[in-house]
Amino acid sequence: MEMPTPDAAILARKSRVVERLQAVLPADAVIHDDRETRAYECDALTAYKCPPMAAVLPASTQEVSDVLRICHEEGVPVVPRGSGTSLAGGALPTADSIILGVARMNDVLETNYDDRFIRVQTGRTNLSVTGAVEENGFFYAPDPSSQLACAIAGNIAMNSGGAHCLKYGVTTNNLMGVKMVMMDGEVVDIGGAHMDAGGLDLLGLICGSEGQLAVVTEATLRILPKPEGARPVLMGFDDNEVAGACVSDIIKAGVLPVAIEFMDRPCIEATEAFAKAGYPMCEALLIVEVEGSEDEINHQLSLIMEIARRHNPVELRESTSAEESAAIWLGRKSAFGAMGQINDYMCLDGTIPVSSLPFVLRRIGEMSEQFGLKVGNVFHAGDGNMHPLILFDANKPGDLELCEEFGAEILKLCVEAGGCLTGEHGVGVEKRDLMEYQYAPADLEAQMAVKDVFDPNWLLNPAKVFPLSVSENRRALPVAAE
């Protein structure tokens, strides 16, 4: 009997898997036409693309369980996907994988203002969580720049932060419990409507695990009463290092703003042209916001502005109205889109000690000259979560590769300065080969041993986080596309 060719075998396998998936999901929830699956071939890291075998859009935990059980039995890799806003290739499929999107799972399941929590399906967008509770005077604190579009599922996977994480923390500090589905279809509940569950901190393990351990379908999130008021101040400086030193001094002084955001001249110019927020044209801009009662705000801002004056700012402007405050934040929230209008760019995500900001900013400037590529800096300065934007020409041969090389050197610099490879974007495929730079072999082995427990066949989110050179022998099936 003649053996089928590999292509025929793959097609036969796809047909069988799709048929089984269609038996447990509505017809429009299984996408397998080659033209339609291209919509899932990449996430926001568009430099890398690979269409999946198929995509599924379940609407409940039970449907997610059915999908994972089938894929487990068939040995098919599964790539969980929220809204596809990952900047690290966290939702990049392989050719033999199924994309499992949670976009249809967007309901609010429970709201409790007395105990200050909300329980939602994880396809719900970040901003809409606050939208569900703001009429009652509450909000959800983590606020990534993509909060209008990004899903809670992705926020949990990457432990996302945002501008206000300096005071309120990142996702892990606001996540109380999850319902998740293991690769074999088993449904597990961790944590709940309380801040500290008994036993091992498995919730801390799941948050930030990048879809490597389970698919989170429901989340119990902490909601907070809105502060009495908030007010930002703009600080302009004629040097990046001076602005970095000002940030360090504010933190050292023991003042806790709700946010400290940094932008340099390329970002200021692009953002001002796009959002017209009234930013001063200078080399570096800080947005520092405090909140509380009127007396608290005035006291904190007086201390912060006194520190700023020691660094000879070229502009020091306190917001005088709600409209001016909204414009200031509109500019910052528009920075990534504004930069995208003028150039192709790669957005990095390294984290450093705040005291190292002046040194790291100086070195990035020096490396920019060395590589011949411009860099725009916009980031959460208060917690040292940097987002350098390396500008390049996607149509110029070799420019992407040069950009990647430059990016790797910046991330290595973050590690050398005492920081780490990622703050909130995750490792994904972007930084997996740099993991060996930060972690010793024994450290990587310990992390992979945890995945062995949750996903013995390594079918969840393949080819991510760990260097292929050290993880490939753990895979149940070879990766079909890179």
Item to check | Residue list, side-chain hydrogen bond (donor to acceptor under 3.5 Å, both in side chains) with Thr61, at least two apart or on another chain | outcome: Thr217
Checklist entry - With sequence neighbours excluded, what pairs up with Lys179 under the side-chain hydrogen bond (donor to acceptor under 3.5 Å, both in side chains) test? => result Asp189
Checklist entry - For the side chain of Ser356 and the backbone of Phe359, is there at least one donor-acceptor N/O pair under 3.5 Å apart? => result no
Item to check | Between Thr172 and Asn159: side-chain donor-acceptor atoms closer than 3.5 Å | outcome: no
Item to check | Qualifying residue, where the test is side chain to side chain contact (heavy atoms under 4.5 Å, CB included) with Leu421 and the options are Thr351, Leu411, Asp349 | outcome: Leu411
Item to check | With sequence neighbours excluded, residues passing ring pair (Phe, Tyr, Trp, His ring centres under 6.0 Å) with Tyr437 | outcome: none
Checklist entry - Lys167: what forms a side chain to side chain contact (heavy atoms under 4.5 Å, CB included) with it, not counting sequence neighbours? => result Leu256, Val258, Glu291
Checklist outcome for this item: Shortest non-hydrogen pair, Leu444 vs Glu436, comes out as CD1-CG, 3.7 Å
Checklist entry - Can you tell me if Lys14 uses its side chain to pair, donor with acceptor, with the backbone of His32 under 3.5 Å? => result yes
Checklist entry - Just by modelled atom types, is the Val427 backbone N or O under 3.5 Å from a matching donor or acceptor in the Lys464 side chain? => result no
Checklist entry - Hey, is CD on Glu19 packed in by over 12 heavy atoms from elsewhere, all under 6.0 Å? => result no
Checklist entry - Once you round to the nearest 0.5 Å, how far does CG of Asn126 lie from OG of Ser146? => result 7.5 Å
Checklist entry - side chain to side chain contact (heavy atoms under 4.5 Å, CB included) with Ala446: which residues, sequence neighbours excluded? => result none
Checklist outcome for this item: residues 54-76 vs ring-ring contact (aromatic ring centres under 6.0 Å, His included), sequence neighbours excluded, gives none
Item to check | Partners meeting ring pair (Phe, Tyr, Trp, His ring centres under 6.0 Å) with Phe406 (sequence neighbours left out) | outcome: Phe371
Item to check | Derivation and outcome, side-chain hydrogen bond (donor to acceptor under 3.5 Å, both in side chains), residues His380 and Glu424 | outcome: CA-CA 11 Å; His380 314 310; Glu424 59 175 341; 3.0 Å; yes
Next on the checklist: Under 3.5 Å, is there a donor on one side chain and an acceptor on the other for His164 and Glu289?
Outcome noted: yes
Checklist entry - Hey, are Arg16 and Glu74 close enough for a salt bridge, meaning a charged N less than 4.0 Å from a carboxylate O? => result yes
Next on the checklist: Any carboxylate oxygen within less than 4.0 angstrom of a Lys/Arg side-chain nitrogen, looking at Arg104 and Asp28?
Outcome noted: yes
Next on the checklist: Looking at Leu468, is its backbone amide N or carbonyl O close enough to the side chain of Arg432 to form a donor-acceptor pair, meaning the two atoms are under 3.5 Å apart?
Outcome noted: no
Checklist entry - Do the side-chain N and O atoms of Gln447 and Asp443 include a donor-acceptor pair separated by under 3.5 angstrom? => result no
Checklist entry - Is any side-chain N of the basic residue among Glu186 and Arg69 closer than 4.0 Å to the acidic one's carboxylate O? => result no
Checklist entry - Partners of Glu210 by side-chain hydrogen bond (donor to acceptor under 3.5 Å, both in side chains), sequence neighbours excluded? => result none
Next on the checklist: Using only atom types and a distance under 3.5 Å, with no angle test, would you say the side chain of Asp107 pairs donor to acceptor with the backbone of Leu109?
Outcome noted: no
Item to check | Contacts of type ring pair (Phe, Tyr, Trp, His ring centres under 6.0 Å), residue Tyr345, not counting sequence neighbours | outcome: none
Next on the checklist: Can you list everything that forms a side-chain hydrogen bond (donor to acceptor under 3.5 Å, both in side chains) with Asn395? Sequence neighbours excluded, please.
Outcome noted: none
Item to check | Those residues that, when tested against Tyr40, pass ring pair (Phe, Tyr, Trp, His ring centres under 6.0 Å) (two or more places apart) | outcome: none
Checklist entry - Are side-chain N/O atoms of Gln212 and Trp458 paired as donor and acceptor at under 3.5 Å? => result no
Checklist entry - What residue pairs, at least two apart or across chains, pass ring-ring contact (aromatic ring centres under 6.0 Å, His included) with a residue in residues 109-141? => result Tyr113-Phe138, Phe139-Tyr168
